[in-house]
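Hydrogens, waters and symmetry mates play no part in the numbers below; they use all other heavy atoms, side chains included. Chain letters run A, B, ... following the sequence lines, proteins first, then strands; residues in each count from 1.
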Amino acid sequence: MSTTSINALVDAEQGSSLWRDAWLRLSRNRPALAGFAVLTLFVLVAILTPWVAPYDYAQQNLELGATPPSADHWLGTDIFGRDLLTQIMYGGRISLAVGFIATAVALLIGVSWGAIAGYMGGRIDAVMMRLVDILYALPFMIFIVLLMVVFGRNMLLLFLAIGAVEWLTMARIMRAQVQSLRQQEFVEAAVSLGLSPLAIIWRHVIPNALGPIIVYTTLTVPSVMLLEAFLSFLGLGVQPPETSWGLLISFGTETMEEYPWLLFFPGLVLAITLFALNFLGDGLRDALDVRGAKD
Amino acid sequence: MLNVNGLTISFTSREGTTRAVDNVNFSVTAGSTTAIIGESGSGKSVSCYGLLGLIPQPPGRIESGSALFLDTDLLRLNKHALRQIRGRDIAMVFQDPMTCLNPYMRVGAQLMEPLRYHRGASQSEAKRQALDLMAEVGIRDPEITINYYPYQFSGGMRQRVMIAMALINEPSLLIADEPTTALDVTVQAQILKLLSDIQLRRNIGILMISHDLAVVADIADQIIVMQEGKVVECGDRAAIFERPQHPYTRKLLASIPQGQKIPSSISSNPLVSVRNLCSWFKQDNETVKAVNDVSFDIYRGEVLGLVGESGSGKSTLGRSLLNLVPATSGQILFDGHEVISLAASELKSLRRRMQIIFQDPFASLNPRMTVYDTLAEPLLLHKLETRSSAAGRVLEIMDEVGLARSYVRKYPHEFSGGQRQRIAIGRALASRPDFIVADEAVSALDVTIQAQILDLMKTLAQEYGLTMLFISHDLAVIRQLADRVVVLQNGEIVEQAETTALFEYPQQDYTRRLLEAIPGKSLL
């Protein structure tokens with residue numbers, strides 16, 4: 001066998017190519033890698049916070065009060081004299097967890113729901129999407145308040161509740177994608193090969209529908225983080241002394257004129273997270289689009 | 001009338017500068033037709049679009065040359081002056097009429113708009129002229145159809161509307177870019193006839209772009225053959241067809257489907273038996289009888305041609321044989337198994353044995369799967385190979401369908417149409433089926449590629465001992481491959497016969513019409 005055909009054989013054996021190629025392309029995309037690195041750093045810090053935080057988050061120092069950044073308190077302190085860096089670190093635990101877990105829940109339910117409804121069509125589609133419409137029509141606040149009243153205030157419930165609302169739009173986007181993909185001949189070819197509907201959805205439909213989904217996901221994470229802040233502000237989410245980025249920002253807004261750093265630093269951290277997410281999202285979208293590849 | 005000299009157009013991209021058109025000369029005289037022939041990428045369209053300032057600059061750049069049109073050099077005109085000429089003196093007809101018409105505007109309104117605004121005609125005057133034009137291009141009942149939306153017309157009628165629009169300003173030159181490529185052969189013949197009628201009546205010059213010599217055989221006076229941006233041969237029709245000089249011209253001529261399959265010995269044992277098959281579906285509360293009470297057999301080892309115009313139900317029929325569209329009633333027996341009422345598990349094992357090749361190789365391959373993934377899928381699905389042994393078989397298939405092994409990790413968008421169709425053929429053959437439905441498998445390809453793919457299918461059909469249903473709107477293609485032919489019209493079989501008999505003694509008017517429409521039959 002000649003070297004080229006041996007190479008071809010080796011190439012061929014390396015198997016499922018889309019994800020491997022996508023990873024290779026992603027690893028060549030500097031902004032996306034930087035975004036990934038920043039997010040990883042934030043997550044690591046969030047996990048290690050109880051051990052590395054400079055102060056106790058609940059420890060007040062009323063005599064000190066609000067001070068601007070200094071050598072003792074790098075990012076300053078709030079009106080109760082609590083260290084802002086510590087607050088941001090603890091707040092990140094909540095915000096990142098809400099952001100990622102609720103988005104993951106939304107992604108999982110929304111993508112599978114939309115894909116199945118769009119692919120099956122007919123009566124199944126009608127029933128599944130009417131359910132989505134009904135949930136859309138429910139006033140979100142009442143839904144959350146009811147959940148909280150019935151089950152009590154519970155972080156896990158907060159994740160689920162937000163995820164349960166965010167998946168609706170995801171399902172609609174996915175369904176529209178799948179409906180147009182279903183008409184394509186390569187899907188028909190897959191049917192004629194004998195693939196089961198689930199295998200077709202998984203192998204042929206979802207990879208081709210990911211572009212808009214990824215973009216929407218990167219938009220969902222920040223909106224979920226802000227939703228959490230809103231719920232907490234209403235007293236339905238986290239309660240002081242526990243905190244989150246959203247809460248820090250909303251308290252910071254109140255005292256913006258006297259103590260601008262209380263708004264600036266939490267806002268900066270949130271902005272950096274969103275930038276990182278966007279770069280990573282764009283990178284992922286490009287990496288999965290084999291046609292845009294420049295090899 | 002139009003005299004193009006030394007036209008050179010280049011495109012600059014990341015990889016460098018390429019000359020898409022290199023020192024091209026041609027001319028069109030009033031009342032005659034000049035045809036530019038070449039494959040996709042030969043620069044035939046670029047040369048015409050370049051004249052009218054319709055190529056984006058950059059990346060495109062007209063390097064040199066002149067194009068004298070009625071004593072004006074088109075290449076020296078500014079954008080504004082060129083736009084004047086483009087609408088008024090030179091009109092264009094494109095390949096796909098659907099994308100050129102506004103889908104939300106009535107056809108009549110689209111015709112009347114330029115008359116009203118550019119010519120200042122009154123509403124009633126514009127309407128009268130629009131009706132005249134529609135009648136001239138052979139649209140039936142213009143009084144009624146003037147209120148139709150584009151989707152209410154068939155492809156051929158839409159192309160007539162496009163031609164009517166092109167004629168509004170009474171141009172002296174008509175540029176037609178593959179005007180019939182998206183149409184059935186019968187409609188193609190009508191449109192070509194229409195173009196030459198208009199030419200006679202109005203004494204206009206026509207510049208026609210096509211990939212197919214046969215199409216222009218009856219209407220072109222001058223023929224320019226282009227390859228890779230250069231003119232390799234030009235001359236009048238007789239010279240090109242009777243004394244082709246350049247090997248590429250000869251290759252194009254040889255690609256015109258002609259000749260006939262030598263009938264192979266066929267068993268009298270049917271592999272597929274279709275009895276009283278109906279496939280109906282509902283559309284706007286009306287029942288469309290796409291396939292209506294159809295019965296025929298496909299014998300083991302034979303290639304059965306299925307011919308019909310678009311809308312005849314031939315694709316629906318092919319798909320219902322494979323249970324890809326549900327049949328309304330009737331019976332399909334595949335090797336003794338009833339296909340229609342099969343349980344899912346039995347259907348899967350039957351699916352291994354029957355495969356399909358589609359028309360559009362750009363739509364029929366998953367854009368996110370490499371050649372390897374596409375070809376390995378059926379092997380792994382039907383457990384014909386294990387994960388570790390699949391690679392060897394994939395490379396074997398690639399050899400068989402004539403794809404270089406080094407392409408194994410490439411994605412569909414990196415291939416040309418012909419190569420993609422090879423991948424699609426490979427996928428269909430991977431599971432070693434007994435029966436293949438080829439649905440217009442070569443219709444979307446350039447003629448030279450079409451000839452290659454037909455050869456490949458012939459060879460593989462023999463090697464694999466395949467039984468095949470070959471669906472096409474073009475009898476010339478069917479003749480090369482099929483042992484027997486079934487003619488379908490409006491969902492019903494009008495004639496079925498052995499290929500030779502059908503071509504020599506067609507029994508039905510409809511069949512005769514299809515035979516008449518074969519392009520370039522004057523050459524044969």
Crowding at [atom1], [X] (>12 non-hydrogen neighbours, <6.0 Å):
| X | atom1 | value |
| --- | --- | --- |
| A/Tyr136 | OH | yes |
| B/Tyr407 | OH | no |
| A/Tyr216 | OH | yes |

Considering only heavy atoms and a distance below 4.5 Å, find which of [options] pairs most often with chain A.
| options | value |
| --- | --- |
| B/Thr374, B/Ile356, B/Leu365, B/Leu322 | B/Leu365 |
| B/Arg427, B/Gln355, B/Gln359, B/Lys348 | B/Gln355 |
| B/Met354, B/Arg352, B/His382, B/Met398 | B/His382 |

Problem set entry | Residue A/Leu181 versus chain B: region with a heavy atom under 4.5 Å | neither
Which heavy atom in [X] sits nearest to a heavy atom in [Y], and how many Å separate them?
| X | Y | result |
| --- | --- | --- |
| B/Glu377 | A/Leu195 | OE2-CD2, 3.3 Å |
| B/Pro378 | A/Leu193 | CB-CD2, 3.7 Å |
| A/Ala189 | B/Ser364 | CB-O, 4.3 Å |
| A/Asn208 | B/Pro367 | OD1-CG, 3.2 Å |
| A/Leu288 | B/Arg368 | O-NH1, 2.8 Å |

Please set out all donor-acceptor pairs under 3.5 angstrom arising from side-chain atoms of residues 100-123 of chain A, sequence neighbours excluded.
unit_1: A/Thr103; atom_1: OG1; unit_2: A/Gly99; atom_2: O; d: 2.4
unit_1: A/Ser112; atom_1: OG; unit_2: A/Leu108; atom_2: O; d: 2.3
unit_1: A/Trp113; atom_1: NE1; unit_2: A/Met128; atom_2: O; d: 3.3

Exercise. Can you tell me how far the OG atom of A/Ser196 sits from the CG atom of B/Leu347, to the nearest 0.5 Å?
Worked result: 12.0 Å
Seminar exercise, completed: Distance col, row A/Arg203:CZ vs B/Asn366:CG, nearest 0.5 angstrom, shows 8.5 Å
Problem set entry | Side chain, backbone, both or neither of B/Asp360 within contact of chain A (heavy atoms, under 4.5 Å) | both
For this session: Identify which part of B/Arg319 has an atom lying under 4.5 Å from any heavy atom of chain A, answering side chain, backbone, both or neither.
Result: side chain
For this session: State, with a plain yes or no, whether a side-chain heavy atom of B/Arg351 is found less than 4.5 Å away from one of A/Val191.
Result: yes
